[in-house]
Amino acid sequence: MDFIKKICADSPYVWDKNGVSKCFADLYPLNKILDVYHPTFVSIDSKVTVLGFSVNMFTLILVVLLAFTRTNANRRRSISSLKYVPAKILLQLLPAIGACIGFIDMVLLLTKLSNGFPTLYHEWLFKASQFLLWVSILFVLRTRYWIVCCNCILCVWWIVKPIFLIPYLQIVFSSSQVVECFTESISILLYVIFGFLITTVSVKWAYTESSSTEESLLPCKVYHEEQQLESEFIHKFWHLLTFKSIDTVMERGAKKQLDFEDLLQLPDDMDPMPCHNILQNCWESQQRQNISHPSLFKAICYAYGWPYFRLGLLKVLNDCLGFLGPLILNKLIRFLQEGSTSFDGYILALSLGITSIVKSFLDTQYTFRLSTLKLKLRSGIMTVIYEKCLCVKLAERSKFSEGEIQTFMSVDADRTVNLCNSFHDMWSLPLQIGIALYLLYIQVKFAFVAGVAITILLIPVNKWIATLIANATKKMMEHKDERIRRAAELLTHIRTLKMYSWELLFSGWLMKTRSLEVMYLSTRKYLDAWCVFFWATTPTLFSLCTFGLYTLMGHQLDAATVFTCLALFNNLISPLNSFPWVINGLIDAIISTRRLSNYLSCPGHETKPERGVCKKSNFEDKAIIIQNASCSWSNSDNENFSLILDSVNLLVPRGSLVAVIGEVGSGKSSLLSLILGEMRLLSGSAHSCGSTAYVPQVPWIQSGTIRDNIIFGRDFEPSRYSAVLKACALEHDLSLMTGGDMACIGEKGINLSGGQKARVALARAIYSRSDDIYLLDDVLSAVDAHVARSILHDAILGPLINQQTRILCTHNIQAISASDIVIVMDKGHVKWVGCPIGLSVSTYSTFLSVDDDNFSSGTRDQRIRSKMSNEAQEKVVEGDSITVSDEIENIEEELRKEGRVESTVYKNYATFSGRGIAILICLSALFMQASRNGNDLWLSYWVDASGSNQREHSTTFYLVVLGFFCLVNSLLTLVRAFSFAFGGLQAAVHVHDLLLKKLVSASVSFFDQTPSGRILNRFSSDLYTIDDSLPFILNILLANFVGLLGIAIVLSYVQVMFLLLLLPFWFIYSKLQFFYRLTSRELRRLDSVSRSPIYASFTETLDGASTIRAFKLEKSFLNRFIHHIIYYQRTSFSEVKASLWLSLRLQLLAAFIVSFVALMAVLGSHGHIPLYLGTPGLVGLALSYAAPVVSLLGSFLSSFTETEKEMVSVERILQYMDVPQEELTEGQILDAYWPSNGEVQFRNVTLRYKPSSPAALNDVTFTILGGTKVGIVGRTGAGKSSVLNAIFRLNPICRGHIQVDGIDIAGISLRHLRSHISIVPQSPFLFEGSLRANLDPFEVSDDARMWNVLEKCHMKEEVEAAGGLDVHVKDSGSSFSVGQRQLLCLARSLLRSSKILCLDECTANIDTQTASKLQKVINTECQGITVITIAHRISTVVNMDNILVLDQGSLVEQGNPQVLLNNDSSWFSSFAKASNM
């Protein structure tokens, strides 16, 4: 009983006849402190102390019991058997720290006792039980029974245990004993960390328990390895904690321009392939569990849920630690107010710094772990999207536009990754808000409700504004997408638009779309300005309302209360304002995951046909088996579909050459797509037996070298490669190219002619060594007759593939006559199948030449096997050398700036915004900060006056002055916010308009040298930065700058000693930021460089997915994409580490400042410094100003660095402000009926595309009489298109003159000239819009005339079937075949009614029958019109009035075609013989 009486001093017994004694009746008395002793030395309440003692003893007994009951042999191993080295070290380190703290507590008690101060018995019991518990755990961990500490019962108890100690901790903080507050906080923190640690170890142990038997075989070796591992771990742990691994990168970045080789290597778990496999496996599991609606969100949770949960535990600790600073600040100010001289002041001052240091480490580690998790998730999502792109067949992909799919990769992937931030913030922000409100209540009771009410009232206002912003953003993005689409359309077809003289029309449409975008952008910006206003004025409104109500309630303000509240409110305002945005971010992320789930759920391509069908006895000799197949291009979700192929039955023998012929739009290309499995098969079956190689009608060319395009990821075999180049007539082309077959090809083969693209694609197919089937879609239409004959003889019929099955869609008569089987398609049906001889006597004989004798089998074989003359041989091998070599030399890598952004860029941006607005913004920001600082200084003056009880003025006076500061601050904030919004809008409008004007007027040579994607990047991402990101980050930069300036001035005024720290502090800070900025700038530029190949590769793969699937190269392309992702990940990983490297050091620097200010205040209060360091109010102001230096310094540098990064967009756009312009000077303006005759004269014309290149036209002289029809023939690259370039002045001529109706065109206004000449381009051009607008964009023709022209061009039926003149044309007219698009372009030119009509291979992709009809239309409709026709088909120009034959830029022959045909030695005759007319 005596023992119990000593424990419980208030009651003689713990239990009496009435029940539990008063000592144990209430275990949670929060405000009751024993007052029988001196307050300085009193211990915490005995009742709560007994509870702590009981908890410790229960834990000790539990550990001992479990240690004795665990007798299982396989668990009795040393802790050294634990493989996870960090856990092994921490398991022993934490108890050791706990035991040391317990020992220190006991030493302090002994010191008290020896100094004559009384101590309570229950204090000894509690401290001793703590020490004994940690020592016991440490002892158990050193034995073979260490695993009992990870028992599931103990794991649960360790997590619950700190909850019982919360009342004890609260009473500790209510006391004035600083040392005890510090030690007990550390103790409970140790309990929490140790509990989570043993839980984690327990989970890991469950997976590794069975694999430990071999460790006992080599104990010595294992011991030494463990020692080495532990030392390595300590080294790595320190590097991880301080991010020292980035030091080498930053040192290189400070010395030179960084390359990818200089970046950090990715950890193994961040490699994109494992990330892809993890997410893909979880997604496939989801698909198996929920076939109808699989969830990507659930798949992500399965893949990364547990690591993300552990990060949440770290965030809880970090958030709670953030509130420790204001509590310590409160104690320190109260200490200074009391004027005490005890040692506690120094401990409090150091505790402020230590708290900042610990929080900086926790904060940076949380950010680092979360960032690495986001990088893993990002790489997984991007690779899964890319893999799906490789697998989804074209018909299923039709439910998504190409822009949508690109958005999945560029936008939805990032939004889904941002789910990591939003999900933790959803519970973290309410937690922070709750703690802050509770602590505010403790300080000012219910007066805090006034300030919080203002803030809470602003939440629905902010939410309402956020809703309006979201709606405006949605509308803005719609118009932005439309603007970018129009810009892409303009840039892609700029050459054609300039020849039509439509560039101003298109730029006008684009400007109209831009004006709508800017309208919603301005709405968004001005709403953002209101948000900024509410955000910036909330602190002053809070202080006015809270402290005003507090004083009106009769309380007296003191420094501790005021500045603790301000610090707490700084912690409160950010979560309150962020919460609506977090919800919006979460909603966006959920929407994006649903969009991605919908895309990833699309049925994939059937990777392998059924082999059983091919093995049946009646099908063994068949390569392709199609039985009653009906198919459509609609997706499986679309019930309303139109049949493209109907009831197709086809059996193709192995090793045969099959020619598929038919009119334009008859279904030839769709038949090949059916064989490839790209269409939606509605009924019947289609099987291909064996591997396939595919050449599409529009050749798919990758960015890269010509060799890469041909070998297509396969091994390089020199002998076969050379044979393929020879068969495809590419040898001579490559010999004249700079770099040969290693010459670089631009995006989509921009620097190759159509014929070269077709031959490269054919070479790829032949090189692939397909053992079974070659599908060739119209590969001969893009080349001239000589080259077509060479390809047919050496490639299609040559020894490389003549034993394989070849299916050729063609209009070429030679190929039809040389085929084994001919298939006639008509409106989706197979109308006729037979041999070429049978075709000549069938109802479809019109597809062949009128000379029937050409199609006898004997003459066919003889023709194909005959050798051409030496002259013809020379002519055949000459390819596209002149044009290609020039253009390839011009394609250069995008300019990458080095060093810092020049000051002229900032000046230009200020000019775009308006210099007056820029000055107004700066002045309003400075005065706004001055009013804010004045508000805080007035508060400090008020509390000092209240504390001294010598107030000269009433409370009302102080409140009125405070209200005045608040009003001025609000007005200046409003001015700054709206002036910034207006300036940003002005800059956005001026930059876009000037950029568009410069580009529309740029010369064609600039567009030949610059890929359209590179220019479009300026209109999309760079302009978006100038519209949105740059003004936002500039606003933050300015706010941070004036904020830091205000803090520096106030601290220098309040504490003179701070001036001693200012210079060294600024020196260290400037060195850090300079060191970081150099590297950060390089990393951002590398980030842009590494991101471009990802999106370029994705876009490229979208275009060529069917080709990749045909060659079965999905894995190869996925590996290539992952290679791009690796560089992107390495750049991002290095960026994350570099930013956290800086953040940690800045926070440590700021912690030193806080400690310095606090220590100076304590020293000044003790009188150890002769200088006067201010009143408690001023000291409290200094401390409250020193605390946010941590975030402000980092935020300032981050915003400065981000501003510099964003300014790169302005820098990139300014590069295109100086592009070479066309000669748009106003020349001679002629009447509307010019030219009246259409006579064209060339006089000694020489044209070069570059000064160093060979002449594309060399001293060419000829005359085309008005109203005549002239054909221009020659090999590819002979200079045919250069004639048109010269007439349209797309490229300036070097010498000579060109006259139209006797007037030199050099003196005519350029756009006037082009608007009076019509052209049908080689690449048919249709833009998005109605068909009516495509035919007549200026609306000068009526419907009757349009239908008349369409009927003459044989397109009336097709247009009526499509929906008439108002049908919407999308995706460059993809709903029409290539041939139909050419016919529509011809109809457009006929409607224009010009006296000069230029036809650039307009019949290349249409059948012979339709081409013949069109020639009749041209002959009848173009009477009196000068027609200049460039043709590969000799039959197209044989009935012309005159022929011009070009070779290597020179005019080698001209005359009547019939006369030239009769001359066997003429060039034209050799062409005719090669084309087998």
Please name the pair of heavy atoms, one in [X] and one in [Y], separated by the smallest distance, quoted to 0.1 Å.
X     : Y     : value
L510  : L996  : CD2-CD2, 3.9 Å
I1264 : F1262 : CD1-CE1, 3.6 Å
I1287 : L1313 : O-CD2, 3.6 Å
L1397 : S1389 : CD1-CB, 3.6 Å
L995  : M1217 : N-CE, 3.9 Å
W1467 : E1453 : N-OE2, 3.0 Å

Between the main-chain N or O of [Y] and the side-chain N or O of [X], is there a donor-acceptor pair closer than 3.5 Å?
X     : Y     : answer
T1429 : G1271 : no
T1246 : D1259 : yes
R1314 : R1289 : yes
S1330 : A1333 : yes

*asked:* With a 4.5 Å cut-off on side-chain heavy atoms, are R1018 and Y1216 touching?
replied: yes
*Kindly indicate whether the side chain of L497, heavy atoms from C-beta on, has any atom under 4.5 Å from the side chain of L490.*
yes
About how many Å separate [atom2] of [Y] and [atom1] of [X], when rounded to the nearest 0.5 Å?
X     : Y     : atom1 : atom2 : answer
N1442 : K1269 : CG    : NZ    : 12.5 Å
D1301 : Q1241 : CG    : CD    : 9.5 Å
L1326 : T496  : CG    : OG1   : 11.0 Å
S1281 : D1400 : OG    : CG    : 4.5 Å

*asked:* Checking F912 now: which residues fulfil ring-ring contact (aromatic ring centres under 6.0 Å, His included) with it, not counting sequence neighbours?
replied: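 ring-ring contact (aromatic ring centres under 6.0 Å, His included) list for F912, sorted by chain: empty.
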*Can you tell me if Y500 and R1392 form a side-chain donor-acceptor pair at under 3.5 Å?*
no
_For the residue pair S501 / S1315, report whether a side-chain donor-acceptor contact shorter than 3.5 Å exists._
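Result is no, nothing qualifies.
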*Working for side-chain contact (heavy atoms from CB on, under 4.5 Å), residues L1365 and L1335*: CA-CA 9 Å; L1365 293 174; L1335 295 175; 4.2 Å; yes
_Can you confirm whether more than 12 heavy atoms, excluding those of H1368, are under 6.0 Å from its NE2 atom?_
yes
_Would R486 pass as a cation-pi partner of F506, given that its NZ or CZ must be under 6.0 Å from the six-membered ring centre and within 45 degrees of the axis?_
no
